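First up is the structure itself, then whatever we jot down about it.
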Amino acid sequence: MLDSLAGDGVSDVLLHWLHAKDELGYGPSLYIPDTVVYKFGQPIHWYFTSSASKRIKRKNKQNLVNVRIEEAFNKQSAGCDIVAYYISEAPEGSASSTSIEYFGRKELHDFLYNRWKERNGLLQRF
């Protein structure tokens with residue numbers, strides 16, 4: 001069963017529903033940056049907007065490897081040193097707190113290859 005959309009911060013469920021198609025096979029037409037969903041320390045989904053159809057697509061599982069993620073996120077720059085950011089939630093008592101970390105190329109490499117992702121989150125291209 002999918003989690004609800006309630007709360008602030010990280011919502012991989014929203015990405016799932018945006019990717020879903022209606023009975024005619026169409027989904028919403030909107031732009032999202034490359035977004036990798038992390039659960040239990042591992043990338044489980046990679047969503048992106050197709051340049052041809054302008055629809056949200058999900059990459060195949062074989063693309064969910066660090067080398068492909070790093071290559072895609074470093075391909076184009078937004079005109080600054082930041083290439084990606086990681087949004088995650090940490091429980092704080094009965095609530096949770098959302099944190100955002102920004103990465104340059106070096107920090108992204110370190111995040112992908114050397115750091116355990118202890119909290120579930122979303123890595124997005126900047």
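These numbers were taken from a predicted model, which means no experiment stands behind them.
With sequence neighbours excluded, the residues that form a side chain to side chain contact (heavy atoms under 4.5 Å, CB included) with E107 are F103. R125 is linked by a salt bridge (Lys or Arg N to Asp or Glu O under 4.0 Å) to D34, counting only residues two or more places apart in sequence or in another chain. Not counting sequence neighbours, D81 has no partner by the side chain to side chain donor-acceptor pair (under 3.5 Å) test. Taking the side chain to side chain donor-acceptor pair (under 3.5 Å) definition, one finds that N114 meets it with D110, sequence neighbours left out. In this view, E101 and R115 satisfy the side chain to side chain donor-acceptor pair (under 3.5 Å) rule, not counting sequence neighbours. When the side chain to side chain donor-acceptor pair (under 3.5 Å) test is applied to Y85, the partners found at least two apart in sequence or on another chain are Q124.
Annotation: cation-pi geometry not satisfied between K117 and Y86 (NZ/CZ under 6.0 angstrom from ring centroid, within 45° of ring axis). For the pair K59 and Y47, the cation-pi criterion (under 6.0 Å, within 45° of the ring axis) is not fulfilled.
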Item to check | Working for side chain to side chain contact (heavy atoms under 4.5 Å, CB included), residues L123 and T35 | outcome: CA-CA 6 Å; L123 179 68; T35 303; over 6 Å; no
> Do S99 and R119 pass the side chain to side chain contact (heavy atoms under 4.5 Å, CB included) test, and can you show the C-alpha distance, the side-chain angles, and the key distance before you say yes or no?
Replying inline: CA-CA 10 Å; S99 68; R119 297 186 293 191; 3.0 Å; yes
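Tracing side-chain contacts under 4.5 Å through hydrophobic residues (I, L, V, M, F, W, Y), one reaches V83 starting from V36; they form part of the same cluster. Residues L112 and Y102 do not share a hydrophobic cluster, defined by chaining ILVMFWY side chains whose heavy atoms lie under 4.5 Å apart. When hydrophobic clusters are built by joining Ile, Leu, Val, Met, Phe, Trp and Tyr residues whose side-chain heavy atoms come closer than 4.5 Å, directly or via intermediates, I44 is grouped together with L122. In the hydrophobic clustering of this structure, I100 does not group with F111; members are Ile, Leu, Val, Met, Phe, Trp, Tyr whose side-chain heavy atoms approach within less than 4.5 Å, directly or through other members. Placement of F73 and F48 in two distinct hydrophobic clusters is found when ILVMFWY residues are connected by side-chain heavy-atom separations under 4.5 Å, directly or transitively.
For CZ of F40, the number of neighbouring non-hydrogen atoms (other residues, nucleotides, ligands) closer than 6.0 Å is 12 at most. For R68, the CZ atom counts as loosely surrounded, since its 6.0 Å shell holds 12 or fewer non-hydrogen atoms of other residues, nucleotides or ligands.
Taken to the nearest 0.5 Å, the CD1 atom of I87 stands 8.5 Å off from the OG1 atom of T98. The distance from atom CG of L108 to atom CD1 of I69, rounded to the nearest 0.5 Å, is 8.5 Å.
At a threshold of 4.5 Å between non-hydrogen side-chain atoms, the residues E70 and H109 count as touching.
At distances below 3.5 Å, at least one donor-acceptor pair connects side-chain atoms of T49 with backbone N or O atoms of I32. K39 places no side-chain N or O within 3.5 Å of a backbone atom of G121 that could act as its donor or acceptor partner. Of the possible polar contacts, none joining the R58 side chain to the H45 backbone as a donor-acceptor pair under 3.5 Å is found.
Taking each heavy atom of N66 and Y38 in turn, the nearest pair found is OD1-OH, 4.5 Å.
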